[in-house]
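A short worksheet on the structure shown next.
None of the values given here were measured: they were computed from a predicted structure. Both backbone and side-chain heavy atoms feed into the values below; hydrogens, waters and symmetry mates do not.
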Amino acid sequence: MSIWWSLHLRREAASVPLARRFLLGTMETAGVDPEVSFDLSVALTEACANAVEHGGDRAPREDRLPGERRDPRGEQWERNLGDVRGIQGEPGEGSGVAPGQYRVTAYLDGEKCRIEVADAGPGFPARGVPCPSGRQHGSQPHPSLSAEDGRGLCLIEQLADHVHFGNGPGRGAVVSFDKVLKWRKDALLMVS
């Protein structure tokens, strides 16, 4: 048995605790060890905060002509519809994340949890992504303790077993990480 879910969230600070609570609720229900759940929820919080802060324009652009009819369900419906079309792979849609939004996807199975956070921003710089313990991707050193930016990415690497920082196929940053799961004795999804 496994659990998979995906959330499409507005790039607003209020969306970060929502994603975190959703993950913690899923893990609690499945029976994941609380320490592992906490580590993954902190890593998810950092990845979501990065998407909110750096994930592109805050407001989707308005490209309708004056007087053009709008869908009565509202603009959020239209943005979600556009996002779904992007996931299905329409040309030119990039990572399938609409401007002003980001996507969180989580997959729990018997052995591990994999989480991916993707946004529609400019992506990670070509010079590399900072990493902890002196390791680096590219030529940029890891951030100092007093740095304003970059520490969250290092924290993700410390809390997860495997981390990948990359750019989407068209545009946007993608942070994916996984961790081997430990289970409570009463767990619903025990390793078979």
Side-chain angles (χ1 to χ4, degrees), residues 4-24 26 39-63 74-108 113-132 136-138 140 142-143 147-160 162-179:
W4 175 89
W5 53 260
S6 185
L7 300 172
H8 294 252
L9 302 164
R10 289 185 186 167
R11 285 187 47 248
E12 298 172 355
S15 68
V16 177
L18 175 67
R20 181 179 174 138
R21 285 192 299 263
F22 200 88
L23 178 68
L24 285 170
T26 301
D39 287 353
L40 283 169
S41 72
V42 172
L44 174 64
T45 298
E46 293 298 331
C48 290
N50 193 64
V52 168
E53 179 72 22
H54 305 289
D57 296 334
R58 291 214 178 264
R61 80 170 199 244
E62 188 65 45
D63 55 2
E75 299 212 16
Q76 184 61 41
W77 169 265
E78 293 179 63
R79 285 193 295 271
N80 289 346
L81 181 60
D83 204 28
V84 169
R85 286 182 185 136
I87 291 170
Q88 293 172 350
E90 282 191 8
E93 291 292 330
S95 64
V97 180
Q101 294 184 0
Y102 67 101
R103 182 183 66 232
V104 177
T105 305
Y107 179 73
L108 282 77
C113 176
R114 172 169 287 263
I115 297 172
E116 179 180 284
V117 178
D119 64 44
F124 288 108
R127 68 179 183 273
V129 177
C131 298
Q136 308 173 49
H137 298 292
Q140 185 177 2
H142 61 84
E148 291 287 323
D149 292 321
R151 291 179 299 175
L153 301 178
C154 294
L155 185 57
I156 293 168
E157 281 207 330
Q158 292 297 312
L159 295 170
H162 179 264
V163 181
H164 176 74
F165 301 110
N167 293 321
R171 181 183 155 115
V174 178
V175 176
S176 62
F177 52 94
D178 56 53
K179 188 167 184 80

What do the steps show when you test Cys113 against Lys179 for side-chain contact (heavy atoms from CB on, under 4.5 Å), and what is the final call? CA-CA 6 Å; Cys113 176; Lys179 188 167 184 80; 5.6 Å; no
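- Leu23 places a side-chain heavy atom less than 4.5 Å from the side chain of Leu40.
- For Arg171 against Ala120, the heavy-atom pair with the smallest separation is NE-O, 2.7 Å.
- Contact record, Phe124 with Gly166: CD1-O, 3.3 Å, taken as the closest heavy-atom pair.
- For Leu159, the side-chain contact (heavy atoms from CB on, under 4.5 Å) criterion is met by Asp39, Val42, Ala43, Leu155, not counting sequence neighbours.
- Looking at Ser176 and His164, their side chains come closer than 4.5 Å, going by heavy atoms from C-beta outward.
- Note that CD of Glu12 is 11.0 Å distant from CG of Leu18, once rounded to the nearest 0.5 Å.
- Checking side-chain atoms of Ser15 against main-chain N and O of Arg10 turns up a donor-acceptor pair under 3.5 Å.
- Summarising the geometry of Arg103 relative to Val97, their closest heavy-atom pair is NH1-CG2, 3.7 Å, with the distance given to 0.1 Å.
- Here Ala51 pairs with Tyr102, Val117, Asp119 under the side-chain contact (heavy atoms from CB on, under 4.5 Å) rule; sequence neighbours left out.
- Looking only at side-chain heavy atoms (C-beta outward), Trp4 and Leu108 stay at 4.5 Å or farther from each other.
- You'll find the side chain of Phe165 reaches within 4.5 Å of the side chain of Val163, heavy atoms only.
- Not counting sequence neighbours, Glu46 has no partner by the salt bridge (Lys or Arg N to Asp or Glu O under 4.0 Å) test.
- Taking every heavy atom of both residues into account, Leu9 and Ala19 meet most closely at CD1-CB, 3.9 Å.
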Under the side-chain contact (heavy atoms from CB on, under 4.5 Å) rule, what do Glu157 and Leu153 come out as? Steps first, then yes or no, please. CA-CA 7 Å; Glu157 281 207 330; Leu153 301 178; over 6 Å; no
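- Note that CD1 of Ile156 is 9.5 Å distant from CD1 of Ile115, once rounded to the nearest 0.5 Å.
- For Trp5, the side chain to side chain donor-acceptor pair (under 3.5 Å) test picks out Thr26, with sequence neighbours left out.
- Residues Arg11 and Glu53 are not paired through a salt bridge, judged by the lack of any N-O separation under 4.0 Å between the basic side chain and the carboxylate.
- Considering only residues two or more places apart in sequence or on other chains, Arg114 meets the salt bridge (Lys or Arg N to Asp or Glu O under 4.0 Å) condition with Asp178.
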